[in-house]
Amino acid sequence: MYKEQDFDVIVIGAGHAGCEAALASARLGIETCIFTINLDTIAQLSCNPAIGGLAKGHLVREIDALGGEMAKVTDRSGIQFRMLNLSKGPAVWSLRAQADRVLYRIYMKQSLEKQENLIIKQGLVEKIVVEDGNVKGVITSLGVFYGARAAIVTTGTFLKGLIHIGLDSFQAGRAGEFPSVGLSDSLKELGLKIGRLKTGTPPRLDARSIDFSKTTPQWGDDPPLPFSYSTEQITNPQLPCYITYTNKKTHEIILGSLDRSPLYSGRIKGIGPRYCPSIEDKVVRFSEKERHQVFLEPEGLETAEYYANGISTSLPYDTQVKLVKSIPGLENAVIMRPAYAIEYDFVYPTQLKHSLEVKAIDGLFLAGQINGTSGYEEAAAQGLIAGINAALKIKGKEPLILGRDEAYTGVLIDDLVTKGTNEPYRMFTSRAEYRLLLRHDNADFRLMDKGYSIGLVQEKTYERFRHKKESLFKEIDRLKKERIKPSQDVNEALLSLSTSEISEDTSLDKLLKRPEIRYDFIRRFSPPADELTPEIESLIEINVKYEGYIQRQMEMAERLKKVEMKKIPVNFDYKSTPGLSKEVVGKLLDVQPETIGQASRIPGITPAAISIILVSVERFWKQPRNS
């Protein structure tokens, strides 16, 4: 066996998790190497060419606030930006962007190539070398050994990937790329429990063959709001998406081909995403629906390819052609790339610590779809945390663990390592108990101090944030102190907004709390000393209008944190704890929760069991320790 080089950290896979992990580790001064099967597909947007969306946009903002890269690359490659859910409360507003698939890949690769302390290698890692429970390095398919003090596995759908199109199947990590077979076996040999999941992708269509006049265009916001706090302006041309629908004929074609569907014939063993099912699954499960929406999304500025979002399928190619042509606007559509389903191995994530390090193996971290998640954003968030924690471990520092009240990233990781998953996990705002605290607009207020103290947020970006925070609090303080006098102009303006007049001096913040009043009303009658950006004005509105709700959630989070963070001793003897059932003991031994809070979220652990554990743990900590 040939040994080429030693590194501090080796990252396996250069998808969204791998790129964030490698950049974070290298930026923290750690000698890092990232391996990818193909240098030309670094940061490939394998499925739809979009970043963000409901709850996922929150994750992208959090990645940026901590010093990650996804938001910056999205802003550079974005060709449509839309803020979703504006008709609802600010807790569920989420930014989504269409990205130019090629530009995204190019810009992320550039970021990797320009990064100090980071080496990029094309190679297939087949084995992780572990001695006495510690990572020592990796071995590639060419028999080359690379030493490492920590390894981060971010393999996406490549672990024993198997693609299905109709009743035809073939091994691949994604269409046109080799799978990773040996590494999956290596993880099993290390004692990790492996499962099987499935995801899918729709056909890509030739824009020249689409009749867009039969579809409804959907434009983005003007001006577009960027994802990154360091982006001043979006400069790419902005393109529309188009909406069309399936119909009765489409559904008849699908139902008539189910005998040739790998999903319904039993060929696919992996469990698919509940919240993003294939079109055949939607037609069968929601038979009462007469139509399903199809989004036609541009793949980029310089390509004719369109992504047919909404008709992911693993049906045979001839059926794909028929179902596509049955949809209005797609009667003459040409399929450039067929749809397919892919099965792949994943590791049950309850085997991980909150740092994303494997409990039983020192220095081995897992991030992304290997942990059972779906989506670029969930993967990137995990990759960033794994990269940070691998670097902190090598530096001998405590890991970065985000609480459920601090970040959606914290909710994501806590859900994975505590509850586990047996289906592709997708982030939703409803998964967060404190979603009014975890808004899209305040990710920098929640996390940028952490990113800066760790060393990932640049001085210029942090200085801009400090100025923003100062301006926000200064203006909120002014609104509480200054009062507006009743006058004819003021009361006429209030009546025009369908809100009541004022008859006495009223504080500006009390006026702004009214649902009908926007900050521009305040600016009109009592302008601030310094001009404020639209972003800060929006933050002021939210903080003032929702002050009571925000305060209550903060108090609730603080109360729960006292119990939540109570440590459970390592290797705590649950079997000898009176009152715990065998089922509860089995679950606790499987997850090995680190805190009472984590234990309380394990499925099947009752409040009564938590009370017993809490009493036993407190008794344990009160016992005298041998010096």
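Just so you know, these numbers use all the heavy atoms, side chains as well, and skip hydrogens, waters and symmetry mates. For reference, positions follow the sequence shown, starting with 1. Keep in mind the model is a prediction, meaning the values are calculated, not measured.
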**Message:** Could you check whether Arg466 pairs with Glu459 (Lys NZ or Arg NE/NH1/NH2 to Asp/Glu carboxylate O, under 4.0 Å)?
**Reply:** yes
**Item:** Heavy-atom side-chain proximity of Leu416 to Glu378 below 4.5 angstrom
**Value:** no
**Message:** Looking at Arg105 and Asp40, is there a salt bridge between them, counting it only when a charged N and a carboxylate O are closer than 4.0 Å?
**Reply:** no
**Message:** If only side-chain N and O atoms count, and only distance matters, is there a donor-acceptor pair under 3.5 Å linking Asn371 with Gln382?
**Reply:** yes
**Request:** Determine whether the side chains of Arg174 and Gln44 contain a donor N or O and an acceptor N or O closer than 3.5 Å.
**Result:** no
**Asked** Are the charged groups of Glu463 and Lys460 less than 4.0 angstrom apart, N to O?
**Response** no
**Asked** Step by step, would you call Ser180 with Leu124 a side chain to side chain contact (heavy atoms under 4.5 Å, CB included)?
**Response** CA-CA 7 Å; Ser180 175; Leu124 180 61; 4.1 Å; yes
**Message:** Take a 6.0 Å sphere around CD of Gln171 and say whether it holds more than 12 heavy atoms from other residues, nucleotides or ligands.
**Reply:** no
**Fill in**
By side-chain hydrogen bond (donor to acceptor under 3.5 Å, both in side chains), Gln5 pairs with (sequence neighbours left out) none
**Item:** Atom OH of Tyr462 with >12 non-hydrogen neighbours under 6.0 angstrom
**Value:** yes
**Prompt:** To the nearest 0.5 Å, how far apart are OH in Tyr340 and OG in Ser312?
**Reply:** 10.0 Å
**Message:** Within the 4.5 Å heavy-atom criterion, are Ser186 and Glu126 side-chain neighbours or not?
**Reply:** no
**Message:** What's the separation between atom CD in Gln98 and atom CD in Gln218, rounded to the nearest 0.5 Å?
**Reply:** 9.0 Å
**Message:** Minimum heavy-atom separation for Gln122 and Asn38, please, with both atom names.
**Reply:** OE1-CA, 3.6 Å
**Request:** Would you name the heavy atoms of Ala43 and Tyr104 that are closest together and state the gap between them?
**Result:** O-CD2, 3.6 Å
**Prompt:** Given the rule in the side chain to side chain contact (heavy atoms under 4.5 Å, CB included) test, do Phe81 and Leu225 qualify, once you have shown the distances and angles that lead to the verdict?
**Reply:** CA-CA 7 Å; Phe81 292 77; Leu225 176 70; 5.8 Å; no
Under 3.5 Å, which donor-acceptor pairs link side chains of residues 17-26 to any protein atom two or more places apart or in another chain?
{"unit_1": "Glu20", "atom_1": "OE1", "unit_2": "Glu69", "atom_2": "N", "d": "3.0"}
{"unit_1": "Glu20", "atom_1": "OE2", "unit_2": "Glu69", "atom_2": "N", "d": "3.2"}
{"unit_1": "Glu20", "atom_1": "OE2", "unit_2": "Met70", "atom_2": "N", "d": "2.7"}
{"unit_1": "Ser25", "atom_1": "OG", "unit_2": "Thr32", "atom_2": "OG1", "d": "2.7"}

**Request:** Kindly state whether the ring of Phe465 and the ring of Tyr452 have centres lying under 6.0 angstrom apart.
**Result:** no
**Crowding at CZ, Arg464 (>12 non-hydrogen neighbours, <6.0 Å)** = yes
**Prompt:** Do Lys160 and Asp185 sit within salt-bridge range, that is, some charged N less than 4.0 Å from a carboxylate O?
**Reply:** yes
**Message:** Would the distance check show the side chain of Asn389 and the main-chain N or O of Leu400 forming a donor-acceptor pair, the cut-off being under 3.5 Å?
**Reply:** yes
**Request:** Before giving the answer on side chain to side chain contact (heavy atoms under 4.5 Å, CB included), spell out for Arg431 and Asp415 the whole-Å C-alpha distance, their side-chain angles and the decisive distance to 0.1 Å.
**Result:** CA-CA 9 Å; Arg431 294 191 189 272; Asp415 278 353; 3.8 Å; yes
**Message:** Tell me whether Thr313 contacts the main-chain N or O of Ser278 through its side chain, where contact means a donor paired with an acceptor under 3.5 Å.
**Reply:** no
**Request:** Taking the side chain as every heavy atom from C-beta outward, state whether Pro237 and Leu301 have any atom pair closer than 4.5 Å.
**Result:** yes
**Message:** Donor-acceptor pair, distance only, cut-off 3.5 Å: does the side chain of Asn236 make one with the backbone of Gly78?
**Reply:** yes
**Message:** Once rounded to the nearest 0.5 Å, what's the spacing between atom OG1 of Thr74 and atom CG of Leu95?
**Reply:** 9.0 Å
**Message:** Please determine whether a side-chain nitrogen of the Lys or Arg among Asp362 and Lys393 lies less than 4.0 Å from a carboxylate oxygen of the Asp or Glu.
**Reply:** yes
**Prompt:** Quick one: are Arg337 and Glu305 in side-chain contact, heavy atoms under 4.5 Å?
**Reply:** yes
**Item:** Pair Asp75, Ser228: side-chain N/O donor-acceptor within cut-off below 3.5 Å
**Value:** no
**Message:** With heavy-atom distances below 4.5 Å as the criterion, would you say the side chains of Lys469 and Met448 are in contact?
**Reply:** no
**Request:** Evaluate the ring planes of His440 and Phe227, with Trp represented by its six-membered ring, and classify them as parallel (under 30°), tilted (30 to 60°) or perpendicular (over 60°).
**Result:** tilted
**Prompt:** Do the side chains of Ile119 and Phe7 get nearer than 4.5 Å, heavy atoms only?
**Reply:** yes
**Prompt:** So Phe212 and Tyr306, would you call those rings parallel, tilted or perpendicular, with 30° and 60° as cut-offs?
**Reply:** tilted
**Message:** Between His354 and Thr418, is the side chain to side chain contact (heavy atoms under 4.5 Å, CB included) condition met? List the steps.
**Reply:** CA-CA 9 Å; His354 278 79; Thr418 301; 4.1 Å; yes
**Message:** I'd like to know whether NZ of Lys127 has more than 12 heavy-atom contacts from other residues, nucleotides or ligands below 6.0 angstrom.
**Reply:** no
**Prompt:** Tell me, do Ile210 and Tyr242 make a side-chain contact under 4.5 Å, heavy atoms counted?
**Reply:** no
**Asked** Is Ile385 close to Phe365 at the side-chain level, that is, under 4.5 Å between some pair of heavy atoms?
**Response** no
**Item:** Rounded distance (nearest 0.5 Å) linking atom CD of Glu62 with atom CG of Leu384
**Value:** 10.5 Å
**Prompt:** Could you give the distance from OH (Tyr307) to CG (Leu296), rounded to the nearest 0.5 Å?
**Reply:** 12.0 Å
**Request:** Scan Arg404, Lys353, Lys419 and name whichever one has a salt bridge (Lys or Arg N to Asp or Glu O under 4.0 Å) with Asp414.
**Result:** Arg404
**Request:** Could you tell me whether a side-chain N or O of Arg446 sits under 3.5 Å from a main-chain N or O of Arg439, the two making a donor and an acceptor?
**Result:** yes
**Request:** First locate atom CD1 of Ile370, then atom CG of Leu197, and finally report the distance between them rounded to the nearest 0.5 Å.
**Result:** 11.0 Å
